[in-house]
Amino acid sequence: MPKSDIPKAYEARQYEDQIYAAWEKSGFFNPDNLSGDPYAIMMPPPNVTGILHLGHALENTLMDTMARFQRMRGKKVLLVPGTDHAALPTQAKVEKMLMEQGIKNPRQELGREALVEKIRDFAEQSKATILSQIRKMGTSCDWSRLAYTFDEKRSRAVNELFIRLYNDGLIYRGYRVVNWSVKGQSTCSDDEVEYIERTAKLYTFKYAKDFPIAISSTRPETKLGDTAVAVHPTDERYQKFVGQTFIVDVGAAKPLEIKIIADEHVDPQFGTGALGVTPAHSPIDFALYEKQKAKQDPIGLIPVIGTDGTMTEQAGDYAGLSVEAAREKFVAWLRREGLLEKEEEVRQEVGTSDRYGDVLEALPMTQWWLDVNKEIPGRNKSLRDLMREAVTTGLDGDSTQRVTITPDRFTKLYLDRIENLRDWCLSRQVWWGHRIPVWYCTGGKDGICLQDCRHPIASVQKPVECPACHSDKFKQDPDTLDTWFSSGSWTFSTLGWPEPTKDLQTFHPTDWMQMGYEILYLWLMRMILMSSYALGEIPFKEAYIHGILRDKDGKKFSKSSGNGIDPIEVIEQYGCDALRISLLIGISPGNDSRYFVEKIESGRNFTNKLWNIARFVIQSTDSSVILSASEGSRNTLADRWIRSRFATVIQEITDHLEKYEFSQAGEKLRDFTWNEFADWYLEISKVEQKNGMLLQILRELLVLWHPFMPFVTEVIWKQVGEGLLMVQPWPIADASLRDEQAEQDFTLVQQAITSIRNIRAEYKVEPKQLVNIQIQTMDDRAASVLMENVENIKKLSRVDAILPSTATPHNPSAIAVFGSITIHVSLPVDVASEKTRLQKAREEKQHYIEMTQTKLENDEFTSKAPARVVKEMKEKFAQAKNELSGIEHQMSVLDNHRAS
RNA sequence: GGGCGCAUAGCUCAGUUGGUUAGAGCGUCACAUUGACAUUGUGAAGGUCAGAGGUUCGACUCCUCUUGCGCCCACCA
């Protein structure tokens, strides 16, 4: 593009797709084409339940920024893209859609195969959308390694992992109370329960007139399945009943046998101090049931609610009723019988299904579980132990196998959770997902093994024969796996595990993982668990936890609030770079951030600023000079200053990025680019006629900006560099360019210019009108610095002439005082208002001087504070005194003038 | 019931081991529009750092308490 043809405004839309295509074509997204130390980031696979939202845009930006930074630093960077089949969530989503289309019960009406087919179609469609969105976001990921949690390779890993865990005895089938979604007809794990607060009625009643103890419940209908009443062992009111069994008839199929038991966990202060125990429909009560069993003092277990949410046959008079109807009927009966003692409103937390939304029922069922407490054969520790070690000592005490979590407070949350970790319910009754690789022998009558072996065989393929009865008839477990089971293996399944691949050897443990805190328990813990178990390695060295992106009012983005924003639309309108920079600036690790258009506009404006900086540099630079740029023809103060500042900035940006301080890195870089390079150095270059230096800084600036704003920088690079910017080396801060003196001197020049502009503005001097100034100072160095920069000062503050400092101004002038310097601006000043202005300035100075003086006179301060601090304070004190005397001197001049 | 986070300019947020006359972006006000950029430039106004104590020579920063908002966890049925 000829220089003169560079458009005035950067139109992102015109370049982004072609730039992305060029990157892809270059092959540099694939680490096989790079050299250096390996650096791997596995992109959290988005669920194929829909399209990406702004939160994903934030994640992509974080990862891509880090990937590009590391690639430019010479790392062999692997960024793996992928998607998650999201078993239950996706099925829930598709079922909902089908129901909206009029298919009342998709599972019944379509059957397993056809429904799975529908879900697959939907999943493929959203997968395609998601992948194109990831491209639009500029993500420099390796498409040749694209993965899907439900593809062949990942299925292989899932099965292998399951079978290993099963054969190690860590996965087992167990009967216990689970969370059951009636709507979803499936279990879910404790981590997928969402608690909501609501009001409920708490009923206090007795089972029968002659029953000695009253109990309370918000779910009286479940009491049809009660088998015990628990009281505190020391509760004098009830001690005498402990051990007795009462027979009561509450309308259940059979009269209930209620045993009075003692348990420490019962709170004597709450309600009546007695707890009606319903082992089948409360996890707590089920625990009591197990405990009693262990104590050889068993109590019964009567399921009165079925999987369809209605009362079972065991509920007798209530069989077939919904729980709500049963409750009503039961309460009416209590009332009629005069058994109801109290009825009160209470606030309570109920668990709901995070995907189906219905209130979960507690039902006793046989499900597959992962045992986190059992010792792993041959390893002398449990999965829980591994999970703990991974974030504390490192696995087996190996500190190189330790996960660092940023910010650190999440480490504590993680550890607290580990201490309370319970077995993980793995099986789901939905059809979309990895089928549990377990087979049951059906050789005998009624599909039961002839020998009644009850030992299912874990295998991907149908087993050849049953070891017990030698039958070859099997059926596979109908259930599927919790979707997090496959996501848990993501960091190594993506690298080819269980094959001993080169990728696995090269890139695992991966280097960096980012995720929102909302999936800390669901995902981070499972990845650590799986990886530690399967590979004996942590999944990643560093985990960066980010907050949730909210809307401008701080509300979560959600479909129900209707506040969703399509990142692709934002990109179309403002450009990907604008979106990226606005998402990064203003965030801090672990904390939520807000999104609003003004931020995007500000990002877009900056993109355009960078574009115009480049436009100016390109237009004002002879391209032939580019290559010999480094030899400075002249080395003015401005040159030394900008190089010194730039050396500092390069170091700061690098440090910030290494510490994942994206926001601070971006802000500092923007400040330098805009407020120092553009506002000062570029302006001075118009006076001093720069060329090489401008280009040199611009080129390095583009490198620094590239991880944040990959597109615009790459477009500009075409004009000023060779090859692709994305693989240019990251600049190394040259400490020898640091020049404290130049920075101090340049500050004087800036102050001179700024204070003249300030006076011009206050006195409303027309911008076109030039003024004369006079500079007075006793400091020879300052004087010579300013004189060296006379032309810059004249041009940037629109000064016509600088008068000799010895001359006495004939007329009162407006003055600016800084350090040892007083600048007089010749203006027809109004003596009174100038005096007011000076008085205000004087007061401020006096106040500061007083404050400083107090400190300096305090022996404790001078003796205890570090010498550096004291020295700085003294310098500032001296300077303030200087400035004050300048102001006072001028005030007296004004007084004299008025007098004369 | 336990735990965590947040509270700094009108708005959104920085502030890195305690030492600045507390910063930025947006917004506001004034002025500027033929040469990089109005998606701009120049200048200005705007904060007793939620409140109260404490530690310290020195606190936005550390400790305690209080208030308000948000989040997570928990077997008060």
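Lettering follows sequence order; numbering is per chain, from 1.
- Summarising the geometry, the separation between CG on A:Asp671 and P on B:C26 is reported as 11 Å, rounded to the nearest angstrom.
- Within a 6.0 Å sphere centred on NZ of A:Lys794, heavy atoms belonging to other residues, nucleotides or ligands number more than 12.
- Nucleic acid contact for A:Phe606: none, since no nucleic acid atom lies under 4.0 Å from a heavy atom of the residue.
- Residues A:Lys206 and A:Leu340 have side chains not in contact (no heavy-atom distance under 4.5 Å, counting atoms from C-beta outward).
- Of the candidates B:A24, B:G19, B:C37, B:A24 carries the atom nearest the A:Arg670 side chain, counting heavy atoms from C-beta on.
- The base of B:A14 lies outside donor-acceptor range of the side chain of A:Lys668, with no N or O pair under 3.5 Å.
- A:Tyr848 places none of its side-chain heavy atoms less than 4.5 Å from the side chain of A:Leu884.
- Put simply, A:Trp674 has no side-chain N or O that comes within less than 4.0 Å of OP1 or OP2 on B:G25.
- For the pair A:Arg604 and A:Tyr574, the NZ or CZ position fails the cation-pi test of under 6.0 Å to the six-membered ring centre and within 45 degrees of the ring normal.
- Partner assigned to B:G1 is B:C73, using Watson-Crick or G-U wobble distances below 3.5 angstrom.
- In this structure, B:U16 forms no base pair with any nucleotide, since neither Watson-Crick nor G-U wobble geometry is met with both distances under 3.5 Å.
- Across the interface with RNA chain B, nearest-nucleotide mapping of A:Glu872 and A:Gln348 shows A:Glu872 to be the residue nearer the 5′ end.
- Of the candidates B:A24, B:A74, B:G15, B:A24 carries the atom nearest the A:Glu667 side chain, counting heavy atoms from C-beta on.
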Decide yes or no on side chain to side chain donor-acceptor pair (under 3.5 Å) for A:Gln651 and A:Asp655, but give the supporting numbers first. CA-CA 6 Å; A:Gln651 189 61 53; A:Asp655 291 347; 3.0 Å; yes
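- Within residues 855-864 of chain A, the residues having any heavy atom under 4.0 Å from RNA chain B are, by residue number, A:Asn858, A:Glu860, A:Phe861, A:Lys864.
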With 3.5 Å as the limit, what N/O pairs link the protein to nucleotides 33-35 of chain B?
none

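- A:Asp423 is listed as a side-chain neighbour of A:Arg176, based on a closest heavy-atom distance under 4.5 Å.
- Counting non-hydrogen atoms under 4.0 angstrom, A:Lys845 reaches a base of the nucleic acid.
- Among the protein residues, A:Asp679 comes within range of the sugar-phosphate backbone only, with heavy atoms under 4.0 Å from sugar or phosphate atoms but none that close to a base.
- The closest side-chain heavy-atom distance from A:Tyr660 to A:Pro589 is not below 4.5 Å.
- Between A:Ala865 and A:Arg550, the one whose closest nucleotide on RNA chain B sits nearer the 5' end is A:Ala865.
- Put simply, CG on A:Asp267 is 16 Å from C1' on B:G2, counting in whole angstrom units.
- Residue-nucleotide stacking is present for A:Tyr848 and B:U21, judged by a side-chain ring centre under 5.5 Å from the six-membered base ring centre and planes under 30° apart.
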Dump the pairs, protein N or O against N or O of nucleotides 43-46 of chain B, anything under 3.5 Å, distances to one decimal.
{"unit_1": "B:A44", "atom_1": "OP1", "unit_2": "A:Asn758", "atom_2": "ND2", "d": "3.3"}

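- The base-pairing partner of B:G58, taking Watson-Crick or G-U wobble contacts with both distances under 3.5 Å, does not exist among the strands shown.
- With hydrogens and angles ignored, a donor-acceptor pair closer than 3.5 Å exists between the side chain of A:Glu683 and the base of B:A36.
- In this structure, A:Leu682 and A:Ile613 have side chains that are in contact, with non-hydrogen atoms separated by less than 4.5 Å.
- Look at B:A38: it lacks any Watson-Crick or wobble partner with both distances under 3.5 angstrom.
- At a threshold of 4.0 angstrom between heavy atoms, the contacts of A:Leu682 include nucleobase atoms, whether or not backbone atoms are also involved.
- Scanning atom types as modelled, one donor and one acceptor separated by under 3.5 angstrom connect the side chain of A:Lys609 and the base of B:C37.
- Nearest to the side chain of A:Val869, among B:A14, B:G19, B:A77, sits B:G19.
- Base-pair partner of B:C11: B:G25 (Watson-Crick or G-U wobble, both distances under 3.5 Å).
- Checking B:A52 for Watson-Crick or G-U wobble geometry (two distances, each under 3.5 Å) identifies B:U64 as its partner.
- Among the nucleotides B:U39, B:C76, B:G19, the one closest to any side-chain atom of A:Ala9 is B:U39.
- Classification of A:Glu676 and A:Arg670 as a salt-bridged pair fails, no side-chain N sitting under 4.0 Å from a carboxylate O.
- Across all strands shown, A:Glu601 has no heavy atoms under 4.0 Å from either base or sugar-phosphate atoms.
- Shown here is A:Lys291, whose NZ atom has more than 12 heavy atoms of other residues, nucleotides or ligands within 6.0 Å.
- Proximity of the aromatic rings of A:Tyr15 and A:Tyr10 is defined here by a centroid distance below 6.0 angstrom, and this criterion is met.
- Ring centroids of A:Phe606 and A:Trp705 are separated by less than 6.0 Å, placing the two rings close together.
- Ion pairing between a basic and an acidic side chain is recognised when a charged N comes within 4.0 Å of a carboxylate O; A:Lys223 and A:Asp226 show such pairing.
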